K.L.:
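One structure, pasted below without further comment.
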Amino acid sequence: MSTVQSTRSELSAEVGERQVVTLTEHVVEIISDSGEGAQRCGQSFGAIAARTGNGVWTVEIIPAEIQPPARSVAGASGNRVRLGSGPITNGGDEADLVVAFNEQVLLGRVHARELKPGCTILLEDMWREHRDPRIAASYAETYDLLVAAGYRIIEVPMERECRTLVSDARRGKNMYALGMLCAIYQFDLGLAREQVALTFRKKTQALIDTNVTLLTAGYEWALANLDLAFHVPAAPTDQRQVVTNGNTALALGVVASGMEICSMYPITPATSASHYLSEIFPKVGGVVHQAEDEIAAATFAIGASYAGKCAVTITSGPGYSLKQEAIGLAVMAEIPLVVVNVQRGGPSTGQPTKVEQGDLLTSIFGSHGDAPKVVIAASSIEDCFYSIITARRIAETFNTVVVVLSDASLATAQQPYPRPEFDPAWLAPPVDQSHVPDGLQPYAWDETTGLSRRFTPGQPGGMYTLTGLAHDTSGSVAYDPDANEQGLHARSLKLAALQKTLRPPRVHGDESGDLLVIGWGGTRGAIEEAVDRLRADGREVSSLHLRFLNPLPPGLKEIMAGFDQVMTVEANWSDRLDDPIIDETNRRYSALAMLLRSRYLVDVDTWSEVGGQPIKPGRVQRAILRKLDGR
């Protein structure tokens, strides 16, 4: 991959004795033990860069354990910030600059191959003279190994400097590091101070002042002691922008959609969406209900939707599994419901803090019997907002369940995007309390679309039996074959009716060529960046990203026919053909590849990665090249 030097322009300037190097982009990581604030430092740094006008994408670095042992290789906690002169859609490849609070978490990132060869590392030096000789020896040994490997390590006395200002440096070092980064990247100190005040706005003024003092100290130390000076020019825009993570965007989408009830049970990595919603929802008359478990959360939401307005329940993979029977009830009773699944690694409790796209097939085919559901996958942080609005409208139009798939990467990543301009059409309509015409039945299914009028409690003439059992058009329990088949037929027709309203997806690149790469969900940025790199090298490759997974949009077979080869890129499991026991007769394909192969009878290949980290554009690029070159 490219080095720092390859992204430099020929423009440079002198600031004091430092030469400022102008870059088109840079990837920065801040890593520490859990509880030392590296995640907050990275979030604040990303927000400052975004307010400056840079394109930004952040990736939270989260250890697998809630509280891993201090100074452990597997315990790195922090944030990756990719900033650029133009829009940034993913976390990029390896890091160019790292701030590490100890050598062990740094070693973990080296082992994970997250650092660019020769990258610059600002390393806390307190461990070199530690009173425990084993810790001091570990530090010295790791330092020597990394220097020998070609990394540029600059030892920084963060602990010592912070102790001159606060008694507990562990709680202030992150703001000191933030100040150093702001100096290195030429960010305005006044803007940084504003961001710190905003970050700690719920705390006391004394705490805000202390953090601003630490920020300023780090800034001044870096100017006086470091020869690092980078400038990533901002990209001016006339649009008002907001900076949120995906879970915040989901919560804002719930508010903007006009839904008034969110029922949930806490689960990583979905919980922060309901936390934020709890802060803002009461201001617009909304309610967040924390149920005693996932099943209760789903049934509470179904009950609220039955009362007249569509409700939402937010969860992650294990919680989604527990909700399956209740979701089947909503399908059978034709009650509109939005279910958000912020996917994580599985199965079982799997990898609670890691990203994966493993829930597509269970979202489509989960629940016993035939329970057709609409499935939408958000592909960006901005899309998390708009997908919820779309889901609510579809759920109420078709009286059905709509599943919105996000993932752990989108949930925690931050990105600037145009501030949504409110549209009254987003809102749910008032609850219908008009008189039900005499003789109209609650499940009077249209023979073409499968749709029927929604009855709500309190409507004059609208009383009927609601049941999860097979029923006829009146809602009465019916076990005869014709009534059961009539209901199955009607509920299936809804997906076909929705599919007729969808547009063919847009191809990224030319509409014909050697290879079409198809993806879904949060992999979009990495796939399109990889495709753009290859197209710049003259390779005939394009990509397609699917937002609707069930039903699939029209025109897919015709689009695929324009290419010699088709492959998917996904973050769920597929067997590798280089395994000795695997061949075309027993190979398991990734989820979307399996769907496309069965639906369109096209030889769709697949490349997947399930390492728990967001897929990187460089790895996608190499996978595409192997496919193009027949390797």
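Below, all heavy atoms of this structure are taken into account, side chains as well, without hydrogens, waters or symmetry copies. Each residue takes its place number in the sequence, starting with 1. For clarity, every value in this text was computed on a predicted model and none was experimentally measured.
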K.L.:
With sequence neighbours excluded, what pairs up with T248 under the side chain to side chain contact (heavy atoms under 4.5 Å, CB included) test?
P.N.:
T244, N245, L252, Y276

K.L.:
Keeping the roles fixed (side chain from N102, backbone from V105), state whether a donor-acceptor pair exists under 3.5 Å.
P.N.:
yes

K.L.:
Scan residues 243-256 for pairs that pass salt bridge (Lys or Arg N to Asp or Glu O under 4.0 Å), counting only residues two or more places apart or in two chains.
P.N.:
none

K.L.:
P87: which residues meet the side chain to side chain contact (heavy atoms under 4.5 Å, CB included) condition with it, sequence neighbours left out?
P.N.:
none

K.L.:
Enumerate the salt bridge (Lys or Arg N to Asp or Glu O under 4.0 Å) contacts for residues 67-88, please, sequence neighbours excluded, ordered by first and then second residue.
P.N.:
E25-R82, E29-R80, R71-E103, R80-E114, R82-E529

K.L.:
Taking only residues at least two apart or on different chains, which pairs with a member in residues 44-101 satisfy ring-ring contact (aromatic ring centres under 6.0 Å, His included)?
P.N.:
F45-Y185, F45-F187

K.L.:
If you draw a 6.0 Å radius around CZ in R419, do more than 12 non-hydrogen atoms from other residues or ligands fall strictly inside?
P.N.:
no

K.L.:
For a 4.5 angstrom cut-off between non-hydrogen side-chain atoms, does I615 reach W607?
P.N.:
yes

K.L.:
Passes side chain to side chain donor-acceptor pair (under 3.5 Å), Q43 versus T58? Steps please.
P.N.:
CA-CA 7 Å; Q43 291 164 356; T58 70; over 6 Å; no

K.L.:
Within this structure, what is the OG-CD1 distance for the pair S387 and I376, rounded to the nearest 0.5 Å?
P.N.:
6.0 Å

K.L.:
Among residues at least two apart in sequence or on other chains, which ones pass side chain to side chain contact (heavy atoms under 4.5 Å, CB included) with H130?
P.N.:
W127, D132, I135

K.L.:
So do the side chains of V20 and F230 get within less than 4.5 Å of each other, counting heavy atoms only?
P.N.:
no

K.L.:
How long is the span from the CE atom in M259 to the CD1 atom in I388, to the nearest 0.5 Å?
P.N.:
5.5 Å

K.L.:
Surrounding CD of Q205 (heavy atoms of other residues, nucleotides or ligands, distance under 6.0 Å), is the total greater than 12?
P.N.:
yes

K.L.:
What is the minimum heavy-atom distance between A291 and A297, and which atoms define it?
P.N.:
CB-N, 3.4 Å

K.L.:
Taking 4.0 angstrom as the limit, do D93 and R622 come out as a salt bridge?
P.N.:
no

K.L.:
According to salt bridge (Lys or Arg N to Asp or Glu O under 4.0 Å), does anything in residues 175-189 pair up with another residue at least two apart or in another chain? List the pairs.
P.N.:
none

K.L.:
Assess whether a salt bridge exists between E279 and K202, defined as any Lys/Arg side-chain N lying under 4.0 Å from an Asp/Glu carboxylate O.
P.N.:
yes

K.L.:
With sequence neighbours excluded, tell me which residues meet ring pair (Phe, Tyr, Trp, His ring centres under 6.0 Å) with H289.
P.N.:
F300

K.L.:
Excluding sequence neighbours, so at least two apart, what forms salt bridge (charged side-chain N to carboxylate O under 4.0 Å, His left out) with E421?
P.N.:
R240

K.L.:
Partners of K323 by salt bridge (charged side-chain N to carboxylate O under 4.0 Å, His left out), sequence neighbours excluded?
P.N.:
E294

K.L.:
Could you check if a side-chain atom of S380 sits within less than 4.5 angstrom of a side-chain atom of T89, using non-hydrogen atoms only?
P.N.:
no

K.L.:
In Å and rounded to the nearest 0.5 Å, what is the CD to SG distance from Q415 to C384?
P.N.:
9.5 Å

K.L.:
Measure the CG-OG distance between L250 and S274 for me, rounded to the nearest 0.5 Å.
P.N.:
10.5 Å

K.L.:
E36 and S77: side-chain donor and acceptor closer than 3.5 Å?
P.N.:
no

K.L.:
Hey, is D96 close enough to K116 for a salt bridge, meaning N to O under 4.0 Å?
P.N.:
yes

K.L.:
How many angstroms lie between CD in E94 and CZ in R109, if you round to the nearest 0.5 Å?
P.N.:
11.0 Å

K.L.:
Has the side chain of Q186 got a donor or acceptor atom that lies under 3.5 Å from a matching backbone atom of A183?
P.N.:
yes

K.L.:
Side chains of L410 and D407, heavy atoms from C-beta outward: is any pair under 4.5 Å?
P.N.:
yes

K.L.:
Might you point out which heavy atoms bring K203 and I208 nearest each other, and give the distance in Å?
P.N.:
O-CD1, 4.4 Å

K.L.:
Within a strict 4.5 Å, meaning less than it, do heavy atoms of the L165 and T210 side chains meet?
P.N.:
no

K.L.:
Under a 4.5 Å cut-off applied to non-hydrogen side-chain atoms, are N174 and S32 in contact?
P.N.:
no

K.L.:
How long is the span from the CD atom in E124 to the CG atom in L106, to the nearest 0.5 Å?
P.N.:
12.5 Å

K.L.:
More than 12 heavy atoms of other residues, nucleotides or ligands under 6.0 Å from CZ of R113: is that the case?
P.N.:
no

K.L.:
Not counting sequence neighbours, which residues clear side chain to side chain contact (heavy atoms under 4.5 Å, CB included) with R51? List them please.
P.N.:
L191, E194, Q195

K.L.:
Going by salt bridge (charged side-chain N to carboxylate O under 4.0 Å, His left out), name the residues that satisfy it together with R171, two or more places apart in sequence or in a different chain.
P.N.:
D168

K.L.:
Passes side chain to side chain contact (heavy atoms under 4.5 Å, CB included), N572 versus L360? Steps please.
P.N.:
CA-CA 9 Å; N572 55 71; L360 176 57; 5.6 Å; no

K.L.:
What are the two closest non-hydrogen atoms of K616 and A526, and how far apart are they?
P.N.:
C-CB, 4.2 Å

K.L.:
Can a donor-acceptor pair be found between the side chains of E570 and T523 at a distance below 3.5 Å?
P.N.:
no

K.L.:
Identify the two heavy atoms, one from I527 and one from G519, that lie closest to each other, and give their separation to 0.1 Å.
P.N.:
CD1-CA, 3.8 Å

K.L.:
Quick check: do T52 and L83 have side-chain heavy atoms less than 4.5 Å from each other?
P.N.:
no

K.L.:
Can you check whether Y219 reaches L215 side chain to side chain, under 4.5 Å on heavy atoms?
P.N.:
no

